[in-house]
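In this text the structure is predicted, and so the values were computed from the model without any measurement. Each ligand, and each atom within it, is numbered from 1 in the order the structure gives. Every heavy atom of this structure was used, including side-chain atoms; hydrogens, water molecules and symmetry mates were not.
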Amino acid sequence: MPLVIMKFGGSSLSDASKMKLVASRIIAKKNIGNKNKVVVVVSAPGDVTDELLEMANKITSNPPGREIDVLLATGEMISISLLAMTINSIGEKAVSLTGPQAGILADINYTRARVKKINPKKINSLLSKNNIVIVAGFQALNSKGDITTLGRGGSDLTAVVLAAKLKADLCEIYSDVEGVYTTDPRLVKDAKKLEYISYDEMLEMAGSGAQVLQSRSVEVAKKFCVEIHARSTFSKNHGTIITNEKKIRRKKMEEPLISGITFDKNQIKFTIVDLPDIPGVAAKIFGSLAKIGINVDMIIQSAAVNKKNDISFTVSGRKEVKKMQRELDKIALEFKASQVVCDEHVAKISIVGIGMKSNAGVAGKMFEIIYKNGINIEMISTSEIKISCIVNEMNMVKAVKELHKGFGLSKREAV
Ligand code: ADP
Ligand code: ASP
Ligand code: MG
């Protein structure tokens, strides 16, 4: 009997009527054709995770990771129990399992644990008794016996690791959009749904702001060749298949130049001015930031003039500005830099596409579109299939819309 993983995000579980709709889709999937075994993964309802974090922040600005994980794990537990009740009330058998009960084991990093192993005994036993198994996403058990969480958006990861371990025939990730679009359809109304997208492109899109899938889940899907079908809870339409590049190549005659455009407003830019041009400065700055848990994104070092240079870098996430500022002030003092400048009004826009590999001139076209709209580029970074620019956050929406149009990604344009 085929095995299907169905993952439903918080936006699909925010009230009882949505729960009922989700339950009916699960039951329909179970009873289709020769019948399926179904494992369901769910997120916390609506914005519950954010609300729980706010509750913690009202108590302390520095809550212990262990307790945050205990708190956040309760969100997904609301969903599993309510969904199991809903399915049972319709007359099908469903059993809820927390991450630890489902045998999901992780390392000891609280709030960002990595899945180490899965012991699927309990899931398999319940499936063999004809149950729909409903697993709480985003949570696991560590070797100390503590509950941990897998990073924001981590229910996607739970779905993918279970699909890999249980050798599922299908891994469907349901949300409030019909799939992966050329850009966020909430921002650009004529964004186009992609039929396919490669793991690498999806990774770059997820890593640069497209919230629709968690990047680690895509990393794991690529590693274990789990094909993902991203689709909508609220429509029967086919969504987007996330799969390997070769398979997509076989289906398409020609690669589009650009598959998607992403944006991230949650950026902050620091510049340390007049650093001495001597070995070890960059190592000290970025080593110190790493020690306090700050992940740096783009870095630019200017050429030295009079044995001095500036280093600018961006960080994704504006929550820990004060902590970063304190650390950088210490470094500036140590190296006698003249000042540390912090700009919280920047945004990152990126274009992503495997077509870029074989086409020169994509970067030039991107910069030209931005320039023609009177927007200044503050920083640039590139990878093989992505180009990112930092601009003033005021210009972000305009830049995204113009790039989307300029690269011919709108519904009306042929790609
Ligand atoms: P869920 O609650 O189901 O986990 P998310 O909110 O995490 O769903 O992800 C879905 C959201 O991702 C959509 O509502 C959409 O606004 C956003 N999104 C951003 N970029 C894209 C994109 N390129 N394609 C589709 N959705 C996107
Ligand atoms: N509830 C968690 C979050 O909001 C996990 C998830 O939704 O995937 O990040
Ligand atoms: Mg999500």
So, using side-chain contact (heavy atoms from CB on, under 4.5 Å) as the criterion, who are the partners of Ala136 when residues are at least two apart? Glu76, Ile80, Gln139

Whether Lys357 and Glu245 form a salt bridge (side-chain N of Lys/Arg under 4.0 Å from carboxylate O of Asp/Glu) is what I want to check. yes

Pair Asp176 + Arg186, salt bridge at N-O below 4.0 Å: yes

Name every donor-acceptor pair, under 3.5 Å, that has one atom in a side chain of residues 94-106 and the other anywhere in the protein, sequence neighbours excluded.
from	atom 1	to	atom 2	distance (Å)
Thr98	OG1	Gln101	N	3.1
Thr98	OG1	Gln101	OE1	3.3
Gln101	OE1	Thr98	N	2.9

Residues in the immediate environment of ligand 2 (any heavy atom closer than 4.0 angstrom): Ser43, Ala44, Thr49, Glu76, Phe138, Arg152, Gly153, Gly154, Ser155

Can you confirm if the aromatic rings of Tyr174 and Phe234 lie within a centre distance of less than 6.0 Å? no

Could you tell me whether Lys247 sits above the aromatic face of Tyr196, with NZ or CZ closer than 6.0 angstrom to the six-membered ring centre and within 45 degrees of the axis? no

Does a donor on one side chain and an acceptor on the other come within less than 3.5 Å for Tyr371 and Asn376? no

Output, in order, the C-alpha distance, side-chain angles, deciding distance and verdict of side-chain contact (heavy atoms from CB on, under 4.5 Å) for Thr49 and Arg152. CA-CA 9 Å; Thr49 307; Arg152 295 307 303 268; 3.6 Å; yes

At what distance, to the nearest 0.5 angstrom, does CZ of Arg216 lie from CG of Leu150? 6.5 Å

Could you go through ligand 1 and note, for every N or O atom, any protein N or O atom closer than 3.5 angstrom, writing the atom names and distance to 0.1 Å, or 'none'?
from	atom 1	to	atom 2	distance (Å)
ligand 1	2 (O)	Gly10	N	3.3
ligand 1	2 (O)	Ser11	N	3.3
ligand 1	2 (O)	Ser11	OG	3.1
ligand 1	3 (O)	Ser11	OG	3.4
ligand 1	4 (O)	Lys7	NZ	3.4
ligand 1	6 (O)	Gln211	NE2	3.0
ligand 1	14 (O)	Asp176	OD1	2.8
ligand 1	14 (O)	Asp176	OD2	3.3
ligand 1	14 (O)	Arg186	NE	3.1
ligand 1	14 (O)	Arg186	NH2	2.7
ligand 1	16 (O)	Asp184	OD1	2.8
ligand 1	16 (O)	Asp184	OD2	3.2
ligand 1	16 (O)	Arg186	NE	2.7
ligand 1	23 (N)	Tyr181	O	3.0
ligand 1	24 (N)	Tyr181	N	2.9

